[in-house]
Amino acid sequence: MPELPEVETLCRQLNTVLPGEKILRIEVLDSRLGNMARKRIDSDILFSGTVPAGSGMEKIMMLVGRRVSTVTRKGKGIHIQLDDGLTAALHLRMSGRLLYLAGDVPTPSKIFPYSRMVIGFSSGTLVLIDPRRFATFDVQPEGVAPLLPDDPMKGLPAPRLRKIAAARRRPVKSFLMDQKIIAGIGNIYASEILFAAGIDPRRPACSLTMAEWRKVATATRAILCRAVNCRGTTISDWRDLFGRSGTNQDHLEAYSRQGKPCRRCGGIIERIDQGGRGTWVCSMCQR
DNA sequence: CCCTATGTTCCCAA
DNA sequence: CTTGGGAACATAGG
């Protein structure tokens, strides 16, 4: 679900409540979290406090008693840094959400449908909600700084994009969404960016001129910055850390607007299929 | 009931 | 190396 703007929103909000907070308890409610074995464990609360040896959950429980220093974003990943060097790396994938509640929550804390993990801090409680259970949570030791590609919030040099794309024939939309190339663009913003840049998402990445890559870079910054300022795009169930909807859905020009008039040229927005995902495009003015 | 869709990413085979 | 397809999962809608 969340792409860069939504994750950035969560990180900024987490940084208003978590730094300095001590982790008092962790409840893991989903056996898939923490790279555990596939098989489900038949218990409502899998682990809280002490864990069975060899369960694969020891790493997560190592967090208890440590204090948060800061929260950073790596692409669409949320990295909660502890003051002793450990990092709790959270990825929300398709349907993950985070909710922060002031104060404590009584155990057991299955207070919402699809609650998968509860982390109790000194003065608040963080809840991971994830219907589809794709979210991942992993504890990384100090010094594991994953090599990341360009972050689009820090500028995307058009010459670099053109150089990387030179040998790539795949559709430019899929190129933009490749997290190994650019970290953070997902299905909503890829459509929006290419609409703003006036480029057809089906074009092979290698076919774009330097001038077109400049348009893509400019559009990317504009689209993502606005989305961050709007605290994300709420299509159905995205909410920020405090449960509020974002407002960027009011600015969407392409995504989910099939059959509606293009606000730039009056053509009709169509929904096409690319790699099993929807893409929204105005064939009249995206070339 | 069956088929398709959904904001992501990993793994595999061609 | 690159790229497309399927899988991981839960639910809603036609």
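Since the structure is predicted, the reported quantities are computational estimates derived from the model, not experimental observations. A, B, ... follow the sequence lines: proteins, then strands. Residue 1 opens every chain.
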Distance-only donor-acceptor hits, side chain of residues 91-99 of chain A, under 3.5 Å, sequence neighbours excluded:
| from | atom 1 | to | atom 2 | distance (Å) |
| --- | --- | --- | --- | --- |
| A/His91 | ND1 | A/Arg93 | N | 3.0 |
| A/Ser95 | OG | A/Asp130 | OD1 | 2.6 |
| A/Ser95 | OG | A/Arg132 | N | 2.9 |

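Residues passing the salt bridge (Lys or Arg N to Asp or Glu O under 4.0 Å) test with A/Arg202, sequence neighbours excluded: A/Asp200. For A/Thr72, the side chain to side chain contact (heavy atoms under 4.5 Å, CB included) criterion is met by A/Thr70, A/Lys74, A/His79, A/Gln81, not counting sequence neighbours. Remark: A/Val139 engages A/Lys59, A/Ile60, A/Leu63, A/Leu86 in a side chain to side chain contact (heavy atoms under 4.5 Å, CB included) (not counting sequence neighbours). With sequence neighbours left out, the ring-ring contact (aromatic ring centres under 6.0 Å, His included) criterion links A/Trp213 to A/Phe175. Every residue was checked against the salt bridge (Lys or Arg N to Asp or Glu O under 4.0 Å) condition with A/Arg67, not counting sequence neighbours, and none meets it.
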For A/Arg168 and A/Asp178, what are the C-alpha separation, side-chain angles and deciding distance, and is it a salt bridge (charged side-chain N to carboxylate O under 4.0 Å, His left out)? CA-CA 12 Å; A/Arg168 309 290 225 280; A/Asp178 189 331; 5.4 Å; no

Determine, step by step, whether A/Cys230 and A/His251 satisfy the side chain to side chain contact (heavy atoms under 4.5 Å, CB included) criterion, reporting the C-alpha distance in whole Å, the side-chain angles of both residues, the deciding distance to 0.1 Å, and the verdict. CA-CA 9 Å; A/Cys230 290; A/His251 299 291; 3.6 Å; yes

Run the numbers on A/Phe121 and A/Val68 for side chain to side chain contact (heavy atoms under 4.5 Å, CB included), then give the verdict. CA-CA 9 Å; A/Phe121 292 91; A/Val68 175; 3.7 Å; yes

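Atoms CD1 and OG1, on A/Ile80 and A/Thr87 in that order, are 10.0 Å from each other to the nearest 0.5 Å.
The minimum heavy-atom distance linking A/Asp240 with A/Arg231 is given by the pair OD2-NE, 3.1 Å.
At a non-hydrogen distance threshold of 4.0 Å, nothing from residues 190-205 of chain A comes into contact with DNA chain B. Of the residues in residues 253-264 of chain A, none has a non-hydrogen atom less than 4.0 angstrom from any atom of DNA chain C.
Contact between the side-chain N/O atoms of A/His91 and the OP1/OP2 oxygens of B/dT9 is found at a separation under 4.0 Å. Distances shown here put a side-chain N or O of A/Arg277 below 4.0 Å from the OP1 or OP2 atom of B/dT8.
Contact check for A/Ile182 versus A/Thr220: no side-chain heavy atoms found under the 4.5 Å cut-off. Within the 4.5 Å cutoff, the side chain of A/Asn187 has heavy atoms near those of the A/Lys173 side chain. You'll find the side chain of A/Arg271 reaches within 4.5 Å of the side chain of A/Asp273, heavy atoms only. Two residues are said to be in side-chain contact when any heavy atoms from C-beta on lie closer than 4.5 Å; A/Leu208 and A/Arg162 fail this criterion.
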What nitrogen or oxygen pairs link the protein and nucleotides 11-14 of chain C at under 3.5 Å?
| from | atom 1 | to | atom 2 | distance (Å) |
| --- | --- | --- | --- | --- |
| C/dT11 | OP1 | A/Tyr114 | OH | 2.6 |

Pick out the pairs of N or O atoms, protein on one side and nucleotides 12-14 of chain B on the other, that lie under 3.5 Å.
none

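When the options A/Arg73, A/Lys76, A/Gln13 are evaluated for a side-chain hydrogen bond (donor to acceptor under 3.5 Å, both in side chains) with A/Glu8, the one that passes is A/Arg73.
Counting to the nearest Å, the P atom of C/dC9 and the CZ atom of A/Arg97 are 22 Å from each other. In this entry the distance linking CD1 of A/Ile188 with P of B/dA5 reads 17 Å, nearest Å. What separates CZ of A/Phe134 from P of B/dT6 is a distance of 13 Å, to the nearest Å. With rounding to whole Å, A/Ile182 atom CD1 is found 17 Å from B/dT9 atom C1'. Between A/Phe137 atom CZ and B/dT8 atom P the separation is 21 Å, expressed in whole Å. Spacing between atom CZ of A/Arg93 and atom P of B/dT8 amounts to 11 Å, rounded to whole angstrom units. Nucleotide B/dC10 holds its P atom 12 Å from the CG atom of A/Asp138, rounded to whole Å. Rounding to whole angstrom units, CG of residue A/Asp130 and P of B/dT6 are separated by 18 Å.
With distances taken from any side-chain atom of A/Arg132 to the nucleotides B/dA5, C/dC9, B/dT8, the minimum falls on C/dC9. Of the candidates B/dT9, B/dT8, B/dA5, the closest approach to any side-chain atom of A/Arg271 belongs to B/dA5. Checking B/dT8, C/dA8, B/dA5 against the side-chain heavy atoms of A/Asp273 singles out B/dA5 as nearest.
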Each nucleotide in nucleotides 2-7 of chain C should get exactly one letter: B, S or -. Can you fill that in based on protein heavy atoms under 4.0 Å? SSS---

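Separating the P atom of B/dC3 from that of C/dG6 is a span of 15 Å, rounded to the nearest Å. One P atom belongs to C/dT11, the other to B/dT9, and the distance between them is 22 Å to the nearest Å. Here the separation of C/dG5 from B/dT4, taken at their P atoms, is 15 Å to the nearest Å.
With no hydrogens or angles considered, a side-chain donor-acceptor pair links A/Ser283 and A/Glu270 at under 3.5 Å.
No path of Ile, Leu, Val, Met, Phe, Trp and Tyr side chains, each step under 4.5 Å between heavy atoms, connects A/Leu24 with A/Val105, placing them in separate hydrophobic clusters.
DNA chain C forms stems at B:2-6 with C:10-14, B:8-14 with C:2-8, each a run of 3 or more consecutive Watson-Crick or G-U wobble pairs whose two key distances fall under 3.5 Å.
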